[in-house]
Amino acid sequence: AQSVTQLGSHVSVSEGALVLLRCNYSSSVPPYLFWYVQYPNQGLQLLLKYTSAATLVKGINGFEAEFKKSETSFHLTKPSAHMRDAAEYFCAVSDPPGAGSYQLTFGKGTKLSVIP
Amino acid sequence: GAVVSQHPSWVICKSGTSVKIECRSLDFQATTMFWYRQFPKQSLMLMATSNEGSKATYEQGVEKDKFLINHASLTLSTLTVTSAHPEDSSFYICSAPGTGIGVNTEAFFGQGTRLTVV
């Protein structure tokens with residue numbers, strides 16, 4: 001069984017400050033990992049994904065995440081926060097191809113607030 | 001890129017009526033669609049998996065007679081909330097999985113439907 005834990009349901013940062021959203025996973029097979037962003041009353045937009053290639057993954061809007069197998073982590077970072085980054089962020093895990101059904105298991109989400 | 005279109009984006013209905021939500025894959029064929037429910041300030045909870053040409057698979061605790069899922073074609077899946085009650089008010093999101101081949105490893109999400117039952 002897979003699971004995802006996002007530490008901190010709410011994170012506040014000042015505009016221009018570093019953004020760090022934490023995600024730890026549990027999986028019986030090498031996982032695929034994703035970060036999604038959700039704006040109010042909208043669906044989810046993919047920020048980035050790890051699919052067993054490079055461990056440091058760069059995504060859209062200046063976000064990146066590093067897969068650390070030893071720590072079972074996939075934390076999301078951005079060097080400098082913008083007001084438009086304020087949203088809900090979800091970490092998700094799925095089985096790799098051939099190992100499962102591509103079904104995503106989501107963390108509980110982290111709401112990011114950016115203070116002007 | 002692949003696009004999933006979900007309609008309506010919001011709907012208000014009276015208690016006891018039924019509401020249909022459509023999810024279409026616009027530029028690819030989706031043999032599988034996932035339906036999620038999201039309560040305020042909570043994560044997405046998988047309700048069911050619809051499969052084209054076969055019955056949907058429901059997660060534990062989800063009433064299949066209340067949440068009717070039909071996967072009529074390779075581009076359309078529908079979720080019908082029957083005899084809706086205020087506790088069914090929620091945000092419903094559909095998703096089509098990537099193929100897992102090459103770069104298509106992500107899931108594509110609809111815009112979501114805000115259902116309010118009064």
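Because only heavy atoms are used, hydrogens play no part in the values below, and waters and symmetry mates are left out as well, while side chains stay in. Note that the structure is predicted; figures quoted are calculated from it, not measured.
No hydrogens or angles considered: a donor-acceptor pair under 3.5 Å links the side chains of B/Ser5 and B/His7.
Within residues 107-116 of chain A, the residues that have a heavy atom under 4.5 Å from a heavy atom of chain B are A/Gly107, A/Lys108, listed by number.
Looking at B/Gln38, the atoms closer than 4.5 Å to chain A (heavy atoms on both sides) all sit in the side chain, from C-beta outward. For A/Phe106, the parts sitting under 4.5 Å from any heavy atom of chain B are the backbone and the side chain alike. Residue contact with chain B, scored on non-hydrogen atoms closer than 4.5 Å, involves the side chain of A/Leu46 exclusively. Residue contact with chain B, scored on non-hydrogen atoms closer than 4.5 Å, involves the side chain of A/Gln38 exclusively.
With contacts defined as side-chain heavy-atom distances shorter than 4.5 Å, the pair B/Ile69/B/Ser77 qualifies.
In this structure, B/Gly112 and B/Ile93 approach most closely via the heavy-atom pair CA-CG1, 4.1 Å. When all heavy atoms of B/Phe39 and B/Ser89 are compared, the pair lying nearest together is CE2-O, 4.2 Å.
Taking the six-membered ring wherever Trp is involved, the centroid distance between the rings of B/Phe108 and B/Phe28 falls below 6.0 Å.
Applying the salt bridge (Lys or Arg N to Asp or Glu O under 4.0 Å) criterion to B/Glu22, with sequence neighbours excluded, gives B/Arg24.
Judged purely by atom type and a 3.5 angstrom limit, A/Asn61 has no side-chain atom pairing as donor or acceptor with the backbone of A/Phe63.
Expressed to the nearest 0.5 Å, how far OG1 of B/Thr57 lies from CZ of B/Phe34 amounts to 9.5 Å.
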